[in-house]
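Step one of this worksheet: look at the structure below.
Numbers restart at 1 for each chain; the letters A, B, ... are given by sequence-line order, proteins then strands. Both backbone and side-chain heavy atoms feed into the values below; hydrogens, waters and symmetry mates do not.
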Amino acid sequence: MEQLTFQLLDASYEVIGPEARVLLWGRTKTGERVLLFHRGFRPYFYIIPREGFSLGSEEIEQVKLLSKPKSPIIDVSVVDRKFFGRPVKALKVTTMIPEYVRVYREAAAKLGFVERVLEADIRYTMRYLIDNNVYPLRWYRATVNRVEKGGYRVDGTYEIVGSLEEVEEEEISDPLSDLRIMAFDIEVYSKEGSPDPLRDNVIIIAISTQEGSKAIRLDVEGSEQNLIKAFTREILKEDPDIIVGYNQDRFDWPFLKERSSKLGVKLDVGRRIGAQPETSVYGHVSIAGRLNVDLYNFAEEIPGLTLKTLEEVAEFLGVKKKSERVIIPWYRIPEYWDDPRKRETLIRYALDDVESTYGLSGKFLPFGAQLSTTTGIPLDHVMAASTGFRLEWRLIREAYKRGELVPERVERPPASYTGALVLKPEPGIKENVAVLDFASMYPSIMVKYNVGPDTLVRGNEEVSDDEVNVAPMVGHRFRKTPDGFFKGVLLRFLKWRRDIKSRLKRLKPGSPEYLLLDQRQRAIKVLANAMYGYMGWSGARWYCKECAEAVTAWGRELILTAINHARKLGLKVYYGDTDSLFVDYDKEKVEALIKYVEEEMGFEIKIDKIYKRIIFTGAKKRYAGLTVDGIIDVTGLEAVRGDWCELAKEVQLEVLRIVLIKGSTREAVDYVRRVINDLRSGRIPLEKLVIWKTLTRRPSEYKVDGAHVKAALILEKMGYKVAPGMKIGYVIVKGHGKLSDRAKPFILASPDEVDIDYYVEKQIIPAALRVLQVLGVSENELKMRSRGQRSLFDFM
DNA sequence: GCCTGGTCTCTACCC
DNA sequence: ACGGGTAGAGACCAGGCG
């Protein structure tokens with residue numbers, strides 16, 4: 001027996017003979033990669049009896065009778081738990097093999113005394129992690145015996161024979177330090193249409209590690225079999241803990257898998273010998289003993305960046321400048337490969353891509369690691385999981401700690417309810433405007449009024465008025481005591497975050513420890529802020545429409561009360577959305593308003609921003625302001641939308657700059673006229689005219705075919721695969737008929753066929769006018785030529 | 001058959 | 001595969017007109 005200290009990287013399980021054993025993949029402080037087997041943890045689930053049935057020996061016998069020899073029911077016992085806050089007696093049914101939980105769940109549900117079956121849908125590995133309070137990427141000390149088990153690519157295999165305890169964080173340590181990370185990216189030769197693994201070759205596999213990057217090439221390796229074997233060798237040699245890529249779950253791995261099986265080579269890259277990458281139902285690819293992380297999942301969450309290509313994201317995050325690298329559009333890869341003079345450029349492109357990917361891992365993994373250690377979901381899955389599931393796994397852990405049973409996942413139709421309040425602003429320019437924000441409005445409401453599925457008074461239950469908080473407008477009631485599950489969880493999140501923030505105060509901003517803790521408090525904030533939306537999500541285990549509805553009702557009441565008080569103070573309110581108020585920046589009155597909200601209403605509110613000048617278009621959610629720091633903030637307007645061409649967005653931003661900084665309408669009008677003139681004279685590159693729109697379904701599934709759908713259909717006909725989620729770039733070309741029939745994928749279009757009139761009338765002018773009409777400028781004024789551009793025709 | 005206005009569909013945004 | 005509120009463009013369609 002010995003003590004082994006290790007960091008948990010991933011967990012999985014195997015069934016050996018009659019039982020399952022958990023596999024904990026880890027690494028030690030001295031850099032060994034280890035595998036710990038833990039036997040004896042048994043899968044189980046709960047049975048809740050119908051009303052009027054007590055749980056006695058008869059019921060237990062009925063359950064025991066379901067037992068099958070392959071995985072017998074080894075225990076049925078009566079336990080005390082809570083369900084939606086109420087004490088319940090439940091039967092805990094334990095078996096041997098995880099797959100049998102499903103078998104017994106179905107059989108048990110048919111028994112007469114059974115009301116419902118719970119927690120049968122929590123997978124075995126997660127069950128183990130939850131019950132043992134074990135989190136990925138944290139450090140543990142286990143009592144183990146060294147065992148000799150072949151078949152795994154690790155430095156040591158152990159059997160856990162005693163305790164397994166978390167090693168408390170003495171100093172703040174980076175969970176990613178000394179982990180080996182490898183990025184990879186493949187290039188495929190596809191002359192016509194999208195790459196097809198049955199037809200097309202992999203020509204380059206680029207890899208990148210801390211040591212640098214290299215390209216494995218088909219021309220050097222001689223055959224594709226050798227290429228893939230060389231790649232496999234590289235992985236086994238570097239032995240990465242984390243493999244990162246950009247969209248590799250949907251492209252690189254599936255392609256390599258199919259290609260390998262066609263070529264008869266093994267893609268044996270995991271830490272279990274013979275294990276190939278496996279695609280799960282959600283499309284995530286798992287590799288035994290390694291964390292395969294698709295960074296595209298994280299890139300998708302970046303706001304303010306519409307085109308999420310690797311190049312754009314790397315540029316945006318300062319990982320690699322577009323100007324300092326090679327960019328080859330995917331449809332020109334064959335051309336670069338075939339031309340011996342261009343081939344090295346293609347190699348450089350592949351290396352630039354894989355280096356960008358490696359660089360992105362530095363940007364995304366630290367936050368991902370914190371999400372993993374806070375939610376308990378392994379890193380590879382947490383990156384791919386939606387916000388709702390990230391929160392839900394944390395809630396499941398919280399429920400376990402409180403003896404609360406986890407509600408089953410049931411399919412319900414979505415049900416909508418009234419949300420937030422948005423004021424309609426008057427069009428016009430205002431000076432010195434302060435934006436006040438309620439701090440964490442929805443979580444605060446939930447805490448203050450004890451909102452949650454277990455505190456909600458359902459139906460016509462008799463509860464006296466002073467025992468409940470009653471939501472305005474909708475009338476839903478919530479017990480004031482005791483603290484509900486959601487309030488408890490929120491308070492825990494808030495305290496957790498407060499503690500981190502006070503630790504942060506003692507650290508040097510910018511130091512590794514600071515950045516680490518900052519990521520952790522961000523991860524917790526994400527969870528806290530997701531609680532409201534989670535309650536309104538019909539797929540949630542703890543779904544509670546009334547709760548969500550009550551929260552928004554209280555929110556509307558809050559902002560209305562604040563507006564009324566502002567007006568009472570003589571403070572002009574220009575605009576407001578959900579939890580924000582745009583008011584005249586009269587220091588004393590603003591301070592009085594803040595004091596009122598905090599002291600009389602009991603909510604925190606703060607000045608978020610001050611605009612020197614702000615322009616409201618008259619529409620909700622569409623305005624732009626110049627902050628006191630000289631920054632132009634654009635909200636909702638075309639300039640920040642991804643579905644307008646670059647030129648239109650650029651024009652609008654420049655118009656805003658001229659109007660807000662220089663205050664000159666005249667100059668802005670002249671500027672727009674000049675751009676229109678440039679466009680008509682062919683001085684604008686085609687790329688600035690491309691319109692990008694996301695395909696949200698397969699082209700055939702649309703009721704109404706928009707331009708991007710028609711463009712996608714053209715691509716499809718040419719053999720390109722188009723799939724939901726893809727952005728389609730198109731331009732409008734000259735011709736007759738519906739606009740959508742004049743959409744052409746930009747990769748097929750040439751500058752001379754572009755319909756300039758469309759861009760003038762439907763892109764540049766509307767974008768510019770959105771701002772300028774506020775200042776009284778008409779469409780015709782924009783269409784007139786500016787001074788110095790008039791020709792004889794203007795006078796005729 | 002063509003024009004017009006109202007409605008529906010679609011996308012992307014805000015908070 | 002977390003919520004509702006919103007703007008705006010273009011497709012679609014019914015009804016009026018001649």
Side-chain angles (χ1 to χ4, degrees), chain A residues 281-284 297 300-301 303-306 384-392 394-395 409 411-412 414-425 435 437-438 440-442 526-545 547-553 555-556 559 575-582 608 617-623 633-644 648-649 691-697 701-710 724-725 727-728 732 737-743 758 761-763 766-767 769-770:
Chain A
V281 277
Y282 305 110
H284 171 74
N297 291 319
E300 270 184 310
E301 293 179 17
L305 188 68
T306 44
S386 70
T387 313
F389 283 106
R390 288 176 189 163
L391 173 60
E392 192 156 78
R394 179 73 221 188
L395 289 176
R409 183 168 289 295
E411 230 175 290
R412 316 180 186 81
S416 69
Y417 57 90
T418 310
L421 187 75
V422 188
L423 301 186
K424 193 170 172 101
V435 183
D437 261 341
F438 279 90
S440 306
M441 185 195 248
Y442 288 175
V526 166
L527 294 180
N529 287 342
M531 294 274 281
Y532 150 72
Y534 176 83
M535 296 190 301
W537 171 39
S538 65
R541 289 175 186 268
W542 278 277
Y543 174 60
C544 178
K545 187 189 131 172
C547 300
E549 200 171 30
V551 169
T552 58
R556 293 195 298 277
I559 193 156
Y575 178 61
D577 183 348
T578 312
D579 59 355
S580 67
L581 277 184
F582 291 54
D608 183 46
T617 60
K620 297 171 176 183
K621 299 181 188 283
R622 306 189 124 229
Y623 57 88
D633 255 357
V634 185
T635 307
L637 297 174
E638 285 74 5
V640 295
R641 289 183 63 98
D643 54 353
W644 286 73
K649 302 202 301 181
I691 298 164
W692 294 91
K693 274 202 174 86
T694 307
L695 210 58
T696 60
R697 57 205 84 174
E701 291 168 344
Y702 279 88
K703 281 186 199 157
V704 177
D705 291 355
H708 70 305
V709 180
K710 295 283 173 68
K727 284 235 193 275
I728 307 291
I732 300 298
K738 274 184 302 196
L739 182 80
S740 59
D741 289 324
R742 297 195 282 122
Y758 166 80
E761 302 279 342
K762 301 291 184 182
Q763 292 276 322
L769 216 50
R770 193 85 58 218

### Task
Check every strand shown and say whether A:Tyr623 touches a base, only sugar-phosphate, or nothing at a heavy-atom separation below 4.0 Å.
sugar-phosphate
### Message
Measuring to OP1 and OP2 of C:dG10, would you say a side-chain N or O of A:Tyr758 lies under 4.0 angstrom away?
### Response
yes
### Task
Taking only the side-chain heavy atoms of A:Asp643 (C-beta and beyond), determine which of C:dG10, C:dA9, B:dA12 contains the nearest atom.
B:dA12
#### Entry: Whole-Å distance separating the CZ atom of A:Phe582 from the C1' atom of B:dC15
10 Å
### Message
With a cut-off of less than 4.0 Å, is there a side-chain N or O of A:Lys738 near OP1 or OP2 of C:dC12?
### Response
yes
### Query
Closer than 4.0 Å, any side-chain N/O of A:Lys545 to the OP1 or OP2 of C:dC2?
no
### Query
At under 4.0 Å between heavy atoms, what does A:Gly419 touch on the DNA or RNA strands: base, sugar-phosphate, or nothing?
sugar-phosphate
### Protein-nucleotide distance (A:Leu305, atom CG; B:dA12, atom C1'), rounded to Å
14 Å
### Query
What is the distance, rounded to the nearest whole Å, between atom CD of A:Glu300 and atom C1' of C:dC2?
15 Å
### Summary
Looking only at B:dC10, C:dA1, C:dG4, the nucleotide nearest the A:Tyr532 side chain is C:dG4
### Query
Closer than 4.0 Å, any side-chain N/O of A:Tyr702 to the OP1 or OP2 of B:dC8?
no
### Task
Ignoring backbone atoms, establish whether A:Thr696 has a side-chain N or O less than 4.0 Å from OP1 or OP2 of B:dT11.
yes
### Query
Does C:dG4 have OP1 or OP2 sitting under 4.0 Å from an N or O in the side chain of A:Thr578?
no
### Message
Tell me the interatomic distance from A:Lys424, atom NZ, to B:dC14, atom P, rounded to whole angstroms.
### Response
17 Å
### Contact under 4.0 Å: A:Lys621 side-chain N or O vs C:dT6 OP1/OP2
no
### Task
Answer whether the closest heavy-atom distance between the side chains of A:Tyr532 and A:Thr552 falls below 4.5 Å.
yes
### Message
Let me spell it out: for each of A:Val704 and A:Leu421, pick the nucleotide of DNA chain C with the closest heavy atom. Which residue's pick is nearer the 5' end?
### Response
A:Leu421
### Task
Output yes when at least one side-chain N/O atom of A:Lys620 is less than 4.0 Å from OP1 or OP2 of C:dA7, else no.
no
### Query
Looking at C:dG8, B:dA12, C:dA9, which one has an atom nearest to any side-chain atom of A:Pro766?
C:dA9
### Task
Output yes when at least one side-chain N/O atom of A:Thr552 is less than 4.0 Å from OP1 or OP2 of C:dG4, else no.
no
### Task
Please state whether the phosphate of B:dT11, meaning OP1 or OP2, lies under 4.0 angstrom from any side-chain nitrogen or oxygen of A:His708.
yes
### Query
With a 4.0 Å cut-off on heavy atoms, is A:Val640 in touch with a base, just the backbone sugar-phosphate, or nothing at all?
sugar-phosphate
### Task
Would you indicate what A:Tyr442 reaches in the nucleic acid, counting non-hydrogen atoms under 4.0 angstrom: base, sugar-phosphate, or nothing?
nothing
#### Entry: A:Ser580 to A:Ile559 - nearest heavy-atom pair and separation
O-CD1, 3.3 Å
### Query
Quick one: CE on A:Met535 to CD on A:Glu549, what's the gap to the nearest 0.5 Å?
11.0 Å
### Task
Quick one: label A:Ala548 by what it contacts on the DNA or RNA (base, sugar-phosphate, nothing), any heavy atom closer than 4.0 Å.
nothing
### Task
Measure the shortest side-chain to side-chain distance between A:Gln763 and A:Ile691 over non-hydrogen atoms and say whether it is less than 4.5 angstrom.
yes
### Message
Nearest to the A:Arg622 side chain among B:dA12, C:dA9, C:dA7, which nucleotide is it?
### Response
C:dA7
### Query
In whole angstroms, how far is the P atom of C:dC2 from the OH atom of A:Tyr417?
13 Å
### Message
For a quick check of understanding: with a heavy-atom distance under 4.0 Å over all strands, which category does A:Gly636 fall into, base, sugar-phosphate or nothing?
### Response
sugar-phosphate
### Query
So, is A:Arg641 close to the B:dC14 phosphate, meaning a side-chain N or O under 4.0 Å from OP1 or OP2?
no
### Query
Given C:dG8, is OP1 or OP2 found less than 4.0 Å from the side-chain N or O atoms of A:Arg770?
yes
### Query
Separation of A:Leu423 atom CG from C:dT6 atom P, in whole Å?
10 Å
### Task
Would you tell me if any nitrogen or oxygen in the side chain of A:Ser386 comes within less than 4.0 Å of OP1 or OP2 on C:dC2?
yes
### Query
Looking at the side chain of A:Thr635, which of C:dA11, C:dG4, B:dC15 is the nearest nucleotide?
B:dC15
### Query
Which whole-number value in Å describes the distance from A:Gln763 CD to C:dA9 C1'?
10 Å
### A:Arg412 side chain to A:Ser538 backbone, donor-acceptor under 3.5 Å
yes
### Query
In whole angstroms, how far is the P atom of C:dA7 from the CG atom of A:Asp577?
11 Å
### Message
Using a 4.0 Å heavy-atom cut-off, does A:Gly706 contact any base of the nucleic acid, only the sugar-phosphate backbone, or nothing at all?
### Response
nothing
### Query
Of the nucleotides C:dG5, B:dC13, B:dA12, which has the atom closest to the A:Thr694 side chain?
B:dA12
### Task
For the residue pair A:Tyr702 and A:Thr696, confirm or rule out a side-chain donor-acceptor distance under 3.5 Å.
yes
### Query
Do the ring planes of A:Phe582 and A:Tyr623 sit parallel (below 30°), tilted (30 to 60°) or perpendicular (above 60°)?
perpendicular
### Message
Taking the minimum atom-to-atom distance to the side chain of A:Leu739, which one of C:dA1, C:dG10, C:dG4 wins?
### Response
C:dG10
### SB check A:Lys620 A:Asp577 (cutoff 4.0 Å)
no
### Query
Phosphate oxygens OP1/OP2 of B:dC10: is one of them under 4.0 Å from a side-chain N or O of A:Arg697?
yes
